[in-house]
Amino acid sequence: KRTNIPRVGGPGPHGYIWTALRSVFDCNSVVEEGCRQFDGKPFVLPTLGGDMVVLGPDNVELLRKSDDSVFNAPERAQQLFQINLQFGDFASNPYHLETILRSDLTKALKSLTPDLLEEAQLAIPETLGMKGSESVTVPLFDTMVNLLGRVSNRAMIGLPGCRDQRFLKQQVKLATTVISLAQFLNWFPEFLKPVIYKIVSLFIGGTRAVVPLLTPHLQSRIDYAQQDNPQTITDILLKFTPEEDIVNPERLAVRVAHLNMASIHTSAIFTTHALFELALFTPAQMKEIRDEITAAIDEEGGVCNKNAVGKMYKLDSLLKEIGRWHPLFAVGMSRVTLSDAVIADGTVIPKGSVVAIAPKVVHYSPEIYDHPEDFDPFRFSKMRQSAGGNESKHAFTALSSDYLLFGTGKHACPGRFFAALKIKVILAEILLNYDVSYPQGKAERPKGMPFNLFTTPNPFAKLIFTRRKC
Ligand code: HEM
């Protein structure tokens, strides 16, 4: 048994604390340092939430096959988000994850597309604040979070809830508060956590602030759903909702708030990165991507429906290349070991460890990707062309051990098809109606903002949207 796993960073307590702080503010370089130093062998990454064992890429398969008996994901989600305090006891019956997201939502995407498109068409000029002007300059990430909050909720809860600004404001805030609050709660002993949570959430909001604003919108869906014609994700969810959550819609609101939390920021991050990249496109690249979008819509009789979106291969490729470059987390697919576990190189990981994998080691591997250090927006659409019958392997939403954006195995992101659809509907609409450019003198990709192993686009960076002349 080898259990002495080395640690990245300087020696001694000072080295430990300094590296843990770097994992908050400079996570990408600490993780890169560890991956380089230990060259595929596991190493310990100190974080403010405790030690994390970063496994080499040869363990992706181990996590893919995992059934939670040894490498457990729900337990890790509990630690990361303090789910029992912030979302209640849904671990015992996660019906909103299992039934709806894994099959029913994906099947319903076709019928949700017209509403997503209608909302995008109305919300884009309103959220940008165009108000009749030809051109506006906006802080891009915040603008996209607000846009995605509204468009996502057109599918999630429908009208009029998706335009309720008070609800959207609290819902958007939830994603940023949940993780920080969970990390803060982790510093207290178990028995104190509920009290601390109650006090702190009085000041910073969180789930408790979203639920009362969301519940009335769900109540009207409950009344509507008695007719058998689901028009929103909530309507589909209601088919699987136990009676106790129907009579207490606050309980249902917690589930919907949780789905929204997983859905809005992730999609907004991708839309933001995509627009930052599109603003750097050459005129020839821009023509290529626009021509493909127009052709896809024309083939569907001028309607941007789900089939049309499915034919926007260059847009799909751009998103996939963004995911290769910016995989959300410096380390992801995080699990807790429920017993001692032997990994690919024979190392024994002790029971109770948190393990994770650094996606960039895979995404930047020259054995997998040609010139991995180059950002090539059409990398995957070119790979698709030469795939000889295996084209779908290169789709943005395809899962593979060569591409870890959406994780792997049983817990791979179940919302990825919904995410891809809404992001593409929004981007196609923007590309066909606006030119995007950087404010003068800033024509370079803004650096992301790492925080707590997670990297968001720079919130201060701006983009100019100019209406296209037809
Ligand atoms: C581009 C957008 C998105 C990205 C990059 C993304 C990424 C991820 C990743 C990396 C995981 C963890 C996978 C693992 O541990 O193996 C995950 C899990 C999850 N995602 Fe997403 N996600 C996105 C959009 C969405 C959307 C739109 C929804 C909801 C509608 C969603 C719902 C979830 C849920 C519920 C889980 C937990 C699954 C489980 O534990 O079984 N995600 N996502």
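Remember, it's 1-based here, ligands and their atoms both numbered in the order they're listed.
- With contacts defined as side-chain heavy-atom distances shorter than 4.5 Å, the pair Glu75/Arg335 does not qualify.
- In this structure, the protein non-hydrogen atom closest to atom 5 (C) of ligand 1 is Leu328 CD1, 3.4 Å.
- Within a radius of less than 2.8 Å around atom 21 (Fe) of ligand 1, the protein N, O or S atoms are Cys413 SG.
- Checked against a 6.0 Å centroid threshold, the rings of Tyr95 and Phe240 do not count as neighbours.
- Only one option out of Ile233, Asp235, Thr232, Leu218 pairs with Ile157 in a side chain to side chain contact (heavy atoms under 4.5 Å, CB included); it is Leu218.
- Using a 4.0 Å cut-off between charged side-chain N and carboxylate O, Glu292 and Lys311 make no salt bridge.
- Of all the atoms in ligand 1, the ones that sit under 4.0 Å from a non-hydrogen atom of Leu405 are 5 (C), 7 (C), 10 (C).
- Distances shorter than 4.0 angstrom occur between a heavy atom of Arg335 and an atom of ligand 1.
- Under a 4.0 angstrom heavy-atom cut-off, Glu98 registers as lying outside contact with ligand 1.
- Heavy atoms from other residues, nucleotides or ligands lying under 6.0 Å from CD of Glu367 number 12 at most.
- Taking the six-membered ring where tryptophan is involved, the planes of His363 and Tyr403 are essentially parallel, since the angle between them stays under 30° and well short of 60°.
- Every atom of ligand 1 is numbered from 1 in the order shown, and the set under 4.0 Å from a heavy atom of Arg102 is 39 (C), 41 (O).
- Proximity to Leu97 (heavy-atom distance under 4.0 Å) selects the following atoms of ligand 1: 35 (C).
- Here the protein heavy atom with the shortest distance to atom 13 (C) of ligand 1 is His411 O, 3.2 Å.
- The six-membered or imidazole ring of Phe406 lies near that of Phe396, with a centre-to-centre distance under 6.0 Å.
- Counting heavy-atom neighbours within 6.0 Å of Lys393 NZ, excluding the residue itself, gives a total of 12 or less.
- The aromatic rings of Phe375 and Trp325 sit perpendicular to each other, their planes meeting at more than 60°, with 30° as the lower class boundary.
- Per-residue contacts place Leu101 under 4.0 angstrom from the following atoms of ligand 1 (heavy atoms of the residue considered): 30 (C), 35 (C).
- At a cut-off of 3.5 Å, with distance as the only test, a side-chain donor of Asp164 or His217 sits close to an acceptor on the other residue.
- If you number the atoms of ligand 1 from 1 as listed, the ones under 4.0 Å from a heavy atom of Met333 come out as 15 (O), 16 (O).
- Judged by distance alone, the side chains of Asp223 and Ser220 never bring a donor and an acceptor atom under 3.5 Å apart.
- Under a 4.0 Å criterion applied to the non-hydrogen atoms of Thr408, ligand 1 contributes the atoms 16 (O).
- Scanning all protein heavy atoms for the shortest distance to atom 1 (C) of ligand 1 gives Phe270 CD1, 3.6 Å.
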